[in-house]
Amino acid sequence: MKVYQPQKNLVITIILLFAFVMSNSVGAKKSIQPIKQKTEYIAKKPRIVFLITKDTNNYEADKTVPRFAETLEKEHGYEVTVLLGTGDHGSYRYPSMEGLSQADLLVVFARRIALPHEQMNAIKTYLSKGKPLIGIRTANHAFAVQGKIADVAAGFEDWPDFLADILGWVNRGYG
């Protein structure tokens with residue numbers, strides 16, 4: 001009998017994410033910027049922004065992602081920002097999303113949250129530029145507040161079609 005183990009699946013997801021990031025480290029070497037009027041070159045550190053939540057139904061992203069981010073920084077030279085928000089599902093807020101516009105990769109590991117309009121617009125602007133996104137596990141309903149969880153508070157917005165619009169799929173599951 002096979003037993004479903006969410007922690008094992010999370011480890012596999014993180015390993016796959018790590019493999020993706022490492023495979024793109026070759027691309028990081030290509031992002032070399034010349035210094036004006038000199039023959040030296042400076043390699044740009046790839047920037048990764050993680051949007052995570054602390055939620056008992058979100059596979060302890062608040063514990064695992066910061067450790068993974070530390071490894072990416074220390075052992076692989078990435079510049080990583082982990083943003084852990086606060087609030088209820090219908091009125092969730094990240095401390096600062098200013099660095100998102102400079103990010104080379106956005107990783108979303110959140111579950112059923114609505115954000116202030118300016119934060120949701122920052123995500124939409126980032127994606128409209130064709131920049132890459134990785135959605136981990138609950139990202140398929142990251143911004144879809146529904147059911148018993150909460151109502152969207154005034155000044156906040158959800159994005160129920162994030163999965164279909166951005167990830168190209170329809171979530172037919174529950175949770």
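Here the structure is a predicted model, which is why all the values come from computation and not from measurement. Just so you know, these numbers use all the heavy atoms, side chains as well, and skip hydrogens, waters and symmetry mates.
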| field | Chi angles and distances behind the salt bridge (charged side-chain N to carboxylate O under 4.0 Å, His left out) call for K44, D104 | value | CA-CA 11 Å; K44 178 185 164 203; D104 298 302; 3.1 Å; yes

Within-4.5 Å side-chain heavy-atom neighbours: [X] and [Y]:
X	Y	result
N121	E157	yes
T71	Y78	no
L83	P95	yes
L51	V49	yes
D55	H89	yes

query: Any chance CD of E98 has more than 12 other-residue heavy atoms, nucleotides or ligands included, within less than 6.0 Å?
result: no

Review point. Any chance NZ of K54 has more than 12 other-residue heavy atoms, nucleotides or ligands included, within less than 6.0 Å?
Key: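 It does not: K54 NZ has 12 such atoms or fewer within range.
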
task = Test V108 against I52 for side-chain contact (heavy atoms from CB on, under 4.5 Å), laying out the working first.
result = CA-CA 6 Å; V108 176; I52 64 172; over 6 Å; no

Nearest-0.5 Å distance, [atom1] of residue [X] to [atom2] of residue [Y]:
X	Y	atom1	atom2	answer
L72	L105	CG	CG	9.5 Å
I166	F143	CD1	CZ	10.0 Å
I136	I134	CD1	CD1	7.0 Å
T86	L84	OG1	CG	8.0 Å
Y59	F109	OH	CZ	8.0 Å
D151	F156	CG	CZ	13.5 Å

Presence of salt bridge, K45 and E79, under 4.0 angstrom: no

Can you give me the closest heavy-atom contact between [X] and [Y], atom names plus distance?
X	Y	value
A69	V82	CB-CG2, 3.5 Å
R93	E118	NH1-OE2, 3.7 Å
M120	W159	SD-CE3, 3.8 Å
V107	I48	CG2-CG2, 4.0 Å
P132	Y126	O-OH, 2.5 Å
Y94	T53	OH-CG2, 3.8 Å

Exercise for review: Please answer whether the main-chain N or O of A122 pairs with a side-chain N or O of T125 as donor and acceptor at a distance below 3.5 Å.
Suggested key: no

[X]: which residues meet the salt bridge (Lys or Arg N to Asp or Glu O under 4.0 Å) condition with it, sequence neighbours left out?
X	result
K131	none
K63	E60
K129	none

Using the rule given for side-chain contact (heavy atoms from CB on, under 4.5 Å), can you reason through L100 versus T81, listing the C-alpha separation, both sets of side-chain angles and the distance that settles it, and then say yes or no?
CA-CA 9 Å; L100 182 58; T81 303; over 6 Å; no

Give the C-alpha distance, both sets of side-chain angles, the deciding distance and a yes or no for side-chain contact (heavy atoms from CB on, under 4.5 Å) between I113 and D158.
-> CA-CA 7 Å; I113 58 174; D158 63 347; over 6 Å; no

